[in-house]
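Structure provided below as C-alpha cells; questions to follow.
Being a predicted model, the structure only gives us computed values, none of them experimental.
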Amino acid sequence: MPRYYFHIDELDTDPDGTELPDLDAARREALLAARELLAEWIVFAIDGMPMRILIADEAGNVLATVHLRDALPGALKEK
C-alpha cells in the first residue's frame with residue numbers, strides 16, 4: 001500500500017506519512033484534516049492559518065494540493 005505525506009503549506013512537515021490505498025483516499029484524508037485544522041484555528045482564534053495541504057509520495061513529489069478553503073461550507077467559500 002502506498003504511503004502519502006500530508007505537508008502543511010510546505011514540504012517536509014509530515015515526516016511519517018500515512019499508508020492509504022490510493023490518491024483519492026489521500027485527498028479525502030487531507031480534506032478531513034483541513035476541516036479539523038480550520039475548526040481548531042477558529043476555536044482558539046489563532047492567526048496565520050495555513051492555506052493548503054500538499055499531498056506527496058515517498059519520493060517527495062507533490063501529487064495533489066487541498067486548499068483549506070475547499071473544506072469550508074459552500075456559503076463561506078469565495079465565489
- Message: Consider side-chain contact (heavy atoms from CB on, under 4.5 Å). Of Leu32, Leu31, Leu54, which one does Val66 pass it with?
- Response: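 So the option named by the test is Leu31.
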- Going hydrophobic residue to hydrophobic residue with side-chain gaps under 4.5 angstrom, can you get from Ile46 over to Leu72?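 The answer is yes; both residues are in one hydrophobic cluster.
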- Task: Using the rule that two of Ile, Leu, Val, Met, Phe, Trp, Tyr join whenever any of their side-chain heavy atoms come within less than 4.5 Å, decide whether Ile8 and Phe44 are in one cluster.
- Result: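 Yes, because Ile8 and Phe44 connect within a single hydrophobic cluster, where side-chain heavy atoms sit under 4.5 Å apart.
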- Atom CZ of Arg52 and atom NE2 of His7: how far apart are they, to the nearest 0.5 Å?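 One finds 11.5 Å between CZ of Arg52 and NE2 of His7.
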- Message: In the structure I gave you, are the side-chain heavy atoms of His67 and Thr65 within less than 4.5 Å of one another anywhere?
- Response: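 His67 reaches Thr65 side chain to side chain.
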- Decide yes or no for Arg27 and Asp24: does some side-chain heavy atom of the first lie under 4.5 Å from some side-chain heavy atom of the second?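 The answer is yes, as the side chains (C-beta and beyond) meet within the 4.5 Å cut-off.
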- Minimum heavy-atom separation for Arg35 to Ala71, with atom names?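 Scanning both residues completely, I find the closest heavy atoms to be CG-CB, 3.5 Å.
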- Query: Taking all atoms of both residues into account, what is the closest heavy-atom pair of Asp9 and Pro50, and its distance?
  - Reply: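 Minimum heavy-atom separation between Asp9 and Pro50: OD2-CA, 3.1 Å.
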- Minimum-distance pair of heavy atoms, taken over all atoms of Asp57 and Asn61: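 Closest approach of Asp57 to Asn61: OD1-N, 2.8 Å.
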- Linked, directly or transitively: Leu68 and Tyr5 (ILVMFWY side chains, under 4.5 Å):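 Leu68 does not cluster with Tyr5.
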- Should Leu63 and Leu20 be regarded as members of a common hydrophobic cluster, given that ILVMFWY residues are connected when their side-chain heavy atoms come within less than 4.5 Å of each other, either directly or indirectly?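 Yes, because Leu63 and Leu20 connect within a single hydrophobic cluster, where side-chain heavy atoms sit under 4.5 Å apart.
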- Item | Leu23 with Ile53, same ILVMFWY side-chain cluster at under 4.5 Å |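 Hydrophobic grouping puts Leu23 with Ile53.
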- What distance do Tyr4 atom OH and Ile55 atom CD1 have between them, rounded to the nearest 0.5 Å?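 CD1 of Ile55 is found 9.0 Å from OH of Tyr4.
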- Message: What's the separation between atom CD1 in Ile42 and atom CG in Leu37, rounded to the nearest 0.5 Å?
- Response: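 Answer rounded to 0.5 Å: 10.5 Å.
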